[in-house]
Protein chains: 2
Amino acid sequence: MPDPMYRQIAEDLQRKIESGELERGSQLPTEIDLREQYSASRNTVRDAIKWLTTRGLVETRPGQGTFVTERIKPFVTTLTGNPASGGGEDLVYLAEVEASRRRPKISPPRVEIQQAADPIARALWVDEGTPLVSRHQERFIDGTPWSLQTSFYPMSLVLEKGADRLIQAIDIPEGAVNYLADECGVKQVGYRDSIAVRAPDENEVAFFKLPSDGRVPVFVIFRTGFNEEGERFRLMVTVFPADRNRFVTNVGAVPPTIAALPSAQASEATAEPGTPARDALKRSG
Amino acid sequence: MPDPMYRQIAEDLQRKIESGELERGSQLPTEIDLREQYSASRNTVRDAIKWLTTRGLVETRPGQGTFVTERIKPFVTTLTGNPASGGGEDLVYLAEVEASRRRPKISPPRVEIQQAADPIARALWVDEGTPLVSRHQERFIDGTPWSLQTSFYPMSLVLEKGADRLIQAIDIPEGAVNYLADECGVKQVGYRDSIAVRAPDENEVAFFKLPSDGRVPVFVIFRTGFNEEGERFRLMVTVFPADRNRFVTNVGAVPPTIAALPSAQASEATAEPGTPARDALKRSG
DNA sequence: GGGTATTTGTCCGTATGTATT
DNA sequence: AAATACATACGGACAAATACC
């Protein structure tokens with residue numbers, strides 16, 4: 001039993017895209033042209049295009065046409081670092097981005113005092129309603145939006161430990177983890193990252209300029225920081241668009257990251273981890 | 001200027017779902033009913049449902065109806081472990097799953113000899129065409145498909161180091177990394193994980209029983225193993241459905257994982273990392 | 001800036017097929 | 001076998017965005 005017609009059209013176009021017959025970034029025939037090519041109605045052609053759109057193969061631009069999507073050069077973030085300096089925080093972020101010859105930018109933080117709500121309270125192991133400081137920052141690379149980050153700290157750090165700079169809407173250049181260690185004696189001896197993926201919400205679609213149909217998911221990374229007593233004193237929630245980001249963790253003795261070697265950077269940073277898995281499975285399936 | 005009608009319908013239904021007015025797993029009114037409720041055509045109602053479907057809020061079942069999607073209890077995999085025992089491989093996988101009182105199952109491996117193709121050759125730093133052993137396994141939890149894993153080893157390990165069991169289609173119960181260390185003196189002193197997300201291919205849709213429109217992405221984890229000389233001797237590619245998996249990495253001194261404490265497991269394992277970020281952004285936006 | 005042609009987006013109505021109960 | 005509900009496919013009309021003259 002053959003596939004429905006819109007699938008046949010979509011798969012034929014997919015084949016042309018993957019074979020290179022339709023080049024990356026080039027424009028597809030208009031819906032009217034495709035209607036004639038495939039002897040189908042315009043709505044059926046649109047269903048085929050929608051199928052390709054969901055899979056990220058093409059994108060439509062009102063008033064212009066339908067285009068084969070370009071490959072985005074991914075940015076690689078290393079999650080394992082030095083726990084005492086906050087690994088993956090501002091400092092590491094800036095160094096890592098500059099090592100790959102891109103220009104980072106961080107917005108000034110938006111600081112708020114909140115009452116701990118359910119999921120955040122649970123992650124920090126505090127009761128709901130506990131006062132928290134939240135610091136929210138937008139991060140850019142080469143002018144394009146890259147991540148949204150919100151960090152949460154118990155207000156007790158400010159009230160009892162004197163961490164006044166946490167409630168000031170000013171960037172902490174040396175990193176909040178270093179600041180807390182140096183000024184307040186609260187040392188981060190370890191952290192745990194939890195990595196998940198979900199559909200973006202409206203704010204994220206707008207900020208990252210993602211397609212409004214929500215087909216591009218976002219990474220959500222929860223970083224819980226532990227002090228010397230094994231207590232949770234910090235939660236950092238960072239959201240990254242999944243189409244332009246990779247994450248790396250190193251365990252044990254591992255040679256230096258490729259990104260640290262500018263000359264070799266192009267070779268691995270641009271390798272798309274998606275493709276080989278698919279190839280491997282297809283070959284062996 | 002208001003949104004198009006199908007968006008208004010979709011957002012009204014979304015509100016009802018998130019407010020609990022429409023319960024998880026319950027059936028929505030039929031398309032005909034919705035057509036009358038909202039005074040729209042059936043096609044417009046279908047556009048609204050499609051919008052909700054793309055975001056994973058509802059699912060349609062031909063002949064039955066449209067249903068609010070149930071939340072899936074995620075399984076958490078720890079990526080950081082003991083490099084010498086393969087961290088995150090069979091042994092750790094089984095222990096971790098059993099600690100959370102779920103029943104794991106691993107298929108016998110499908111073993112093949114391949115010539116290294118582009119992306120895999122690059123990850124292993126070998127020339128294209130180099131002979132490789134690939135070992136492919138399907139992994140299940142509680143009978144449901146959980147991951148697809150393919151490991152690649154240079155054939156030189158078999159030919160020169162005598163790692164004969166790599167080319168036998170039999171599971172290596174102690175783990176391939178332990179086997180290579182004990183039998184062949186090839187010790188894994190570290191590994192690097194690369195984490196990406198992409199749309200599933202047809203094999204993955206079929207195996208994981210994902211919705212065929214490809215809206216549920218998959219995690220792809222590349223694990224590159226390094227020996228004492230800092231050489232890459234192993235590549236493991238694992239694919240997980242993104243809707244039922246989370247990943248955790250621990251850095252520095254971190255208290256034991258929640259999953260290791262069966263009583264407390266429910267509290268954090270079921271916390272959805274997606275929600276708090278969204279809440280946080282909404283509150284502060 | 002304005003007007004026009006092109007292209008995709010939205011919305012309608014209808015008919016028929018397919019899966020499930 | 002019949003009823004129900006979603007899936008596919010067609011055709012038409014107008015709106016909105018964009019590009020170009």
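Numbers restart at 1 for each chain; the letters A, B, ... are given by sequence-line order, proteins then strands.
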For nucleotides 3-5 of chain C, give me every protein contact, N/O to N/O, under 3.5 Å, one pair per line with atom names.
none

task: Whole angstrom is fine here: how far is it from NZ in A:Lys50 over to P in D:dA9?
output: 15 Å
task: Between protein and nucleotides 2-7 of chain D, map the contacts as a letter string: B base, S sugar-phosphate only, - none, heavy atoms under 4.0 Å, written 5' to 3'.
output: ---BBB
- request: Could you tell me whether the side chain of A:Arg139 reaches within less than 4.5 Å of the side chain of A:Ser107, counting heavy atoms only?
  value: no
query: Using a cut-off of less than 4.0 Å, is there contact between a side-chain N or O of A:Thr44 and OP1 or OP2 of D:dA9?
result: no
field: Partner set under side chain to side chain contact (heavy atoms under 4.5 Å, CB included) for B:Arg61, not counting sequence neighbours
entry: B:Glu59, B:Gln64, B:Phe67
task: Take atom OH of B:Tyr38 and atom C1' of C:dC11, then tell me their distance rounded to the nearest Å.
output: 17 Å
query: Nearest-Å distance, CG (B:Asn43) to P (C:dT14)?
result: 11 Å
- request: Check the distance between C:dT8's P and A:Asp47's CG and give it to me in whole angstrom.
  value: 15 Å
field: Complement of C:dC12, any strand, by Watson-Crick or G-U distances under 3.5 angstrom
entry: D:dG11
task: Before giving the answer on side chain to side chain contact (heavy atoms under 4.5 Å, CB included), spell out for A:Arg122 and A:Asp118 the whole-Å C-alpha distance, their side-chain angles and the decisive distance to 0.1 Å.
output: CA-CA 6 Å; A:Arg122 185 149 47 195; A:Asp118 181 26; 3.5 Å; yes
field: Residues in side chain to side chain contact (heavy atoms under 4.5 Å, CB included) contact with A:Thr44, at least two apart in sequence or another chain
entry: A:Met5, A:Tyr6, A:Ile9, A:Ala40, A:Ser41
- request: Identify, with sequence neighbours excluded, every residue that meets side chain to side chain contact (heavy atoms under 4.5 Å, CB included) alongside A:Thr66.
  value: A:Leu28, A:Ile49, A:Val58, A:Thr60
- request: Take A:Phe219 and B:Phe247 through the ring pair (Phe, Tyr, Trp, His ring centres under 6.0 Å) test and state the conclusion after the steps.
  value: CA-CA 11 Å; A:Phe219 282 103; B:Phe247 295 94; 10.0 Å; no
query: Rounded to the Å, how far apart are A:Trp51 CH2 and D:dA9 P?
result: 14 Å
- request: Could you check how far CD of B:Gln8 sits from C1' of C:dG9, rounded to whole Å?
  value: 15 Å
task: Rounded off to whole Å, could you give me the CG-to-C1' distance for the A:Leu34 and D:dA9 pair?
output: 16 Å
message: Here's a test for you: under side-chain hydrogen bond (donor to acceptor under 3.5 Å, both in side chains), which of A:Arg7, A:Gln14, A:Arg15 qualifies with A:Glu11?
response: A:Arg7
- prompt: What pairs with A:Pro109 under side chain to side chain contact (heavy atoms under 4.5 Å, CB included), at least two apart in sequence or on another chain?
  reply: A:Val111, A:Arg135, A:Gln137, A:Asp171
field: For the student: nearest non-hydrogen atoms of B:Thr77 and B:Phe240, plus distance
entry: OG1-CE2, 4.4 Å
